[in-house]
**Q** 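For reference, the structure I am asking about is given below.
Every number for a ligand or one of its atoms is a count from 1 in the order of the listing.
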Amino acid sequence: MDRSKVAPQETQPIGPYSFEEFLEMARSFHSFPAPGLLLGGYMVQKAKAGLEPETLFEAVVETRKCLPDAVQLLTPCSTGNGWMRVIHLGRFALGLYDKYSGQGQRVRIVPERLQEWPEIRDWLFKKRPKHQQDTGQLLTQIGKAGEAYMTSEEVQVHPRLLGKHSGGEIGVCPVCGEAYPVQDGGICRGCQGESPYERTSFPVNPEPARAVPVEKAVGKHALHDMTEIIPEKSKSPALRAGERIGAADLCRLQKMGRTSVYIQENTPREQGWIHENEAALAFARRMAGSGIGFETPPHEGKINFRTKQEGLFVLDREKLERFNLLPEVICATRHSDIMLPAGKQVAGCRSLPLHLSRERLEQALTVLGEGPLFWVQEISPAKVGILVTGTEVSQGLIRDRFQPIISDKVEKLGCTVQSSRIVPDGKQAIAEGVRSMLQEGVDLVLTTAGLSVDPDDQTREGLREAGLDSELYGMPVLPGAMTLLGRIGRTRVVGVPACALFFATTSLDLLLPRVLAGREITRRDLAGLAEGGLCLGCKHCTFPKCPFGK
Ligand code: ZN
């Protein structure tokens with residue numbers, strides 16, 4: 001192009017288009033020629049000019065306003081085809097980059113250079129209300145300025161933006177039944193409360209209960225438990241749901257700071273709203289599995305769950321997450337896989353609003369499904385064989401301390417020690433020891449020590465010689481990393497590392513209840529113990545009331 005022929009007052013082209021042509025394109029695409037879209041056209045061209053020709057590029061835009069449209073008009077990149085990402089940082093800037101290497105050009109506005117272009121400056125900084133804006137002047141300045149107040153720089157985009165933009169596995173949301181990316185959680189983001197729509201499937205009644213002034217509530221019936229909290233002393237219902245409000249309650253309610261209350265007489269029951277107590281009961285019936293009981297009626301809208309028998313408390317973690325992803329309902333529990341006696345509280349659930357919509361109730365029940373959320377798994381007491389390995393112990397040079405420690409742990413769980421032997425290190429000796437225990441009919445073999453990297457450590461070899469199967473060696477628990485799990489025939493085998501001599505609580509304490517509950521343990525189960533698998537080694541061990549193994 002012969003530059004001398006372009007007079008300074010003329011407009012700059014936008015790539016292959018004259019400014020006027022682009023103005024028309026913008027009008028038909030965006031319904032009006034938005035200033036942001038027009039100057040965005042220059043930004044796109046400037047970024048493109050910085051790339052090698054023939055580069056396969058993608059775009060990243062830092063504002064949702066107008067700029068994405070410029071990219072869609074002038075490049076093959078769109079949000080729909082996944083080649084443009086809008087990362088809304090609120091900055092009027094965009095980048096085009098090589099889709100493989102991530103190298104590219106970022107173009108932005110330089111505010112200082114806008115001194116020469118006051119209309120553009122006032123538009124960008126919103127100096128004037130829209131109706132006072134001289135759109136003709138503004139568009140003329142945009143066309144004349146071209147790229148004058150922009151700058152571009154070389155950038156390298158973050159690796160996470162490169163490669164395939166796959167959203168991962170797609171599943172069906174159990175609440176709405178629509179397809180969604182599984183990585184969003186157990187239910188879709190729409191059902192987690194991010195849906196842009198109001199509820200529509202039942203009559204809209206934003207205020208299901210109407211409050212009345214306390215003075216007017218005398219003789220009526222309380223709609224819900226009203227809690228009186230005396231700091232550090234007590235927290236109990238001053239009035240229970242359904243209770244008649246007497247004249248004497250008036251003063252008490254006022255002292256509690258209540259000026260108005262919800263009463264039963266004023267509640268439209270027929271409109272698809274479920275009282276918190278009813279909702280909590282409906283949840284509780286689905287949640288409680290065998291060995292779990294709950295107290296009725298609900299207490300202040302909440303239901304508490306307790307163990308009815310001793311055993312391993314087990315929780316469906318995924319289901320718990322799905323339930324709690326729903327707005328307006330909650331369930332809090334103890335950790336899964338802990339041994340508990342009968343009568344211990346393990347969970348509480350409630351609806352948050354006084355009235356839950358029927359729709360929400362149904363969503364929650366769908367998520368809970370038919371099966372329980374938590375239950376108590378009984379443990380069956382085993383006949384235990386303890387095999388202590390170590391030449392120094394078998395020769396009597398060192399007194400064995402393993403047997404009393406292990407016996408104590410298994411007996412606490414109701415097991416009996418049927419057989420106990422001390423054998424020297426050595427594959428054959430260990431294998432023979434195990435075999436003779438099996439002949440005595442033990443159904444759980446615990447071997448101690450010999451699991452480390454020492455050349456004398458031959459427990460694994462010996463167990464394999466005796467027919468060890470389904471071996472899992474090593475687990476992300478400290479102390480107890482070198483633990484071994486497996487089977488010989490139908491007999492379970494646990495190899496206890498020597499650290500059990502020194503530490504009060506180890507991997508063995510986590511594994512024993514699971515093994516006795518008949519649980520098949522996989523490498524994945526063990527990996528799941530990693531978080532919380534670090535024992536804090538407290539002076540006074542309070543396990544299992546501590547984070548270890550949770
Ligand atoms: Zn959904």
**Q** Would you give me the side-chain donor-acceptor pairs under 3.5 Å for residues 30-40, sequence neighbours excluded?
**A**
residue	atom	partner	partner atom	Å
H30	ND1	D69	OD2	2.5

**Q** Enumerate, atom names and distances included, each donor-acceptor pair closer than 3.5 Å involving a side-chain atom of residues 59-66, sequence neighbours excluded.
**A**
residue	atom	partner	partner atom	Å
E62	OE1	R91	NE	2.8
E62	OE1	R91	NH2	3.0
E62	OE1	R106	NH2	3.0
E62	OE2	R106	NE	2.8
E62	OE2	R106	NH2	3.4
T63	OG1	K65	N	3.0

**Q** Which of parallel (below 30°), tilted (30 to 60°) and perpendicular (above 60°) describes F543 and F548?
**A**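 Answer is perpendicular, since the angle exceeds 60°.
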**Q** Could you list the residues that satisfy salt bridge (Lys or Arg N to Asp or Glu O under 4.0 Å) with K99, not counting sequence neighbours?
**A**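 E58.
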**Q** Inspect the surroundings of CZ in F29 and state if more than 12 heavy atoms from other residues, nucleotides or ligands are less than 6.0 Å away.
**A**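 Yes, enclosed.
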**Q** State plainly whether the residues R514 and D525 are in salt-bridge range, i.e. N to O under 4.0 Å.
**A**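 Result for this pair is no, no salt bridge flagged.
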**Q** Please give me the protein atoms (N, O or S only) lying under 2.8 Å from the Zn ion (ligand 1), ordered by chain and number.
**A**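 Protein N, O or S atoms closer than 2.8 Å to the Zn ion (ligand 1): C173 SG, C176 SG, C188 SG, C191 SG.
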